[in-house]
Amino acid sequence: MKQLTKAEEEVMQQLWELEKCNVAAIIERLPEPKPAYNTVSTIVRILEGKGFVGHEKEGKGYLYFPIVKKSDYSNQSINKLVDGYFQGSFKSMVSFFMKKNDMSLSELESIMQDIKKGSGPEGINKKNK
């Protein structure tokens, strides 16, 4: 799966939320200053070329929808982060974020409980390293 640029990811976030929409609906949900219609339309076509987005004709225009699930992309992104910056160690990544974000022991225990219940963050691939 290809990595997305920041702009492509912003558009995908809207498509994952809306599930099926036209370019105008995506623009409506983006923060100010709003990008030009042609800019968003170009990004959607790039995403389509990368295999992330599909379309169907509706009237004179198109409705776009995600082909790649958000959880699949999240999983790939997290694995790339863990592999690239933490030598494949999920434990090292958690330790890093605990130190940098001054996470309390109770917060870490809460996260561990969620993971054990299977309701942890979507897409995290538990690696035994």
Side-chain angles (χ1 to χ4, degrees):
M1 187 182 309
K2 295 182 179 183
Q3 198 67 23
L4 300 179
T5 66
K6 184 177 179 183
E8 291 167 349
E9 223 172 274
E10 284 183 58
V11 170
M12 279 306 300
Q13 291 292 345
Q14 301 312 316
L15 282 166
W16 283 319
E17 287 288 319
L18 295 168
E19 297 178 4
K20 190 181 282 189
C21 63
N22 60 22
V23 171
I26 295 169
I27 293 169
E28 186 178 304
R29 294 176 53 102
L30 292 172
E32 294 290 343
K34 304 280 188 196
Y37 183 93
N38 287 341
T39 301
V40 176
S41 180
T42 298
I43 292 170
V44 170
R45 285 194 307 276
I46 290 168
L47 288 166
E48 197 167 11
K50 289 183 173 183
F52 279 78
V53 173
H55 75 271
E56 62 185 42
K57 188 119 173 95
E58 183 184 66
K60 294 182 180 181
Y62 295 98
L63 290 179
Y64 297 95
F65 52 89
I67 294 173
V68 173
K69 292 180 186 175
K70 185 176 184 177
S71 60
D72 292 343
Y73 183 72
S74 298
N75 186 37
Q76 183 253 338
S77 296
I78 289 172
N79 284 334
K80 186 173 181 179
L81 174 74
V82 172
D83 290 343
Y85 293 97
F86 302 100
Q87 296 74 46
S89 170
F90 185 70
K91 180 180 174 184
S92 294
M93 184 182 78
V94 171
S95 177
F96 171 82
F97 284 108
M98 275 188 65
K99 291 174 187 170
K100 290 293 179 188
N101 295 306
D102 196 27
M103 188 182 292
S104 72
L105 189 55
S106 64
E107 288 173 311
L108 179 60
E109 287 174 356
S110 174
I111 291 168
M112 293 306 297
Q113 291 291 340
D114 287 346
I115 291 171
K116 286 178 184 174
K117 291 177 190 170
S119 62
E122 261 191 19
I124 290 181
N125 183 6
K126 299 176 195 172
K127 288 186 175 183
N128 293 328
K129 299 265 177 173

Evaluate Glu109 against Ser104 for side chain to side chain contact (heavy atoms under 4.5 Å, CB included), listing each step before the verdict. CA-CA 9 Å; Glu109 287 174 356; Ser104 72; over 6 Å; no

Common cluster, Leu47/Phe65, ILVMFWY with side-chain heavy-atom separation under 4.5 Å: no

Under a single-linkage definition using a 4.5 Å side-chain heavy-atom cutoff for Ile, Leu, Val, Met, Phe, Trp and Tyr, are Phe86 and Ile111 assigned to the same hydrophobic cluster? yes

Check whether more than 12 heavy atoms from other residues, nucleotides or ligands sit under 6.0 Å from atom NZ of Lys57, and answer yes or no. yes

Lys80 NZ: over 12 foreign heavy atoms closer than 6.0 Å: no

Closest approach of [X] and [Y], non-hydrogen atoms and distance?
{"X": "Pro66", "Y": "Glu19", "value": "CD-O, 3.2 Å"}
{"X": "Gly51", "Y": "Val68", "value": "O-CG2, 3.6 Å"}
{"X": "Cys21", "Y": "Ile26", "value": "SG-CG1, 3.6 Å"}
{"X": "Pro35", "Y": "Val40", "value": "CG-CG2, 3.5 Å"}
{"X": "Asn22", "Y": "Leu63", "value": "N-CD2, 3.8 Å"}

Okay, side chain of [X], backbone of [Y]: is any donor-acceptor separation there less than 3.5 Å?
{"X": "Ser74", "Y": "Lys70", "value": "yes"}
{"X": "Ser95", "Y": "Lys91", "value": "no"}
{"X": "Asn79", "Y": "Asn75", "value": "yes"}
{"X": "Trp16", "Y": "Ser71", "value": "no"}

Would you please name every residue forming a salt bridge (charged side-chain N to carboxylate O under 4.0 Å, His left out) with [X], sequence neighbours left out?
{"X": "Glu8", "answer": "Lys50"}
{"X": "Lys20", "answer": "Glu56"}
{"X": "Lys2", "answer": "none"}

Decide yes or no on side chain to side chain donor-acceptor pair (under 3.5 Å) for Gln14 and Glu28, but give the supporting numbers first. CA-CA 10 Å; Gln14 301 312 316; Glu28 186 178 304; over 6 Å; no

Out of curiosity, [X] [atom1] to [Y] [atom2], how far, rounded to the nearest 0.5 Å?
{"X": "Ile46", "Y": "Leu4", "atom1": "CD1", "atom2": "CG", "result": "10.5 Å"}
{"X": "Glu107", "Y": "Met98", "atom1": "CD", "atom2": "CE", "result": "9.0 Å"}
{"X": "Ile43", "Y": "Asn38", "atom1": "CD1", "atom2": "CG", "result": "11.0 Å"}

Please verify the inter-ring angle class for Tyr73 with Phe52; under 30° counts as parallel, over 60° as perpendicular, anything in between as tilted. perpendicular

Can you say whether the rings of His55 and Tyr62 are parallel (under 30°), tilted (30 to 60°) or perpendicular (over 60°)? perpendicular

By the definition side chain to side chain contact (heavy atoms under 4.5 Å, CB included), identify the one residue from Val23, Val11, Leu18 that meets it with Tyr64. Val23

Should Val53 and Met12 be marked as a side chain to side chain contact (heavy atoms under 4.5 Å, CB included) after you check the CA-CA gap, both sets of side-chain angles, and the distance that decides it? CA-CA 8 Å; Val53 173; Met12 279 306 300; 3.6 Å; yes

Can you confirm whether or not the ring centre of Tyr85 sits under 6.0 Å from the ring centre of Phe96? no

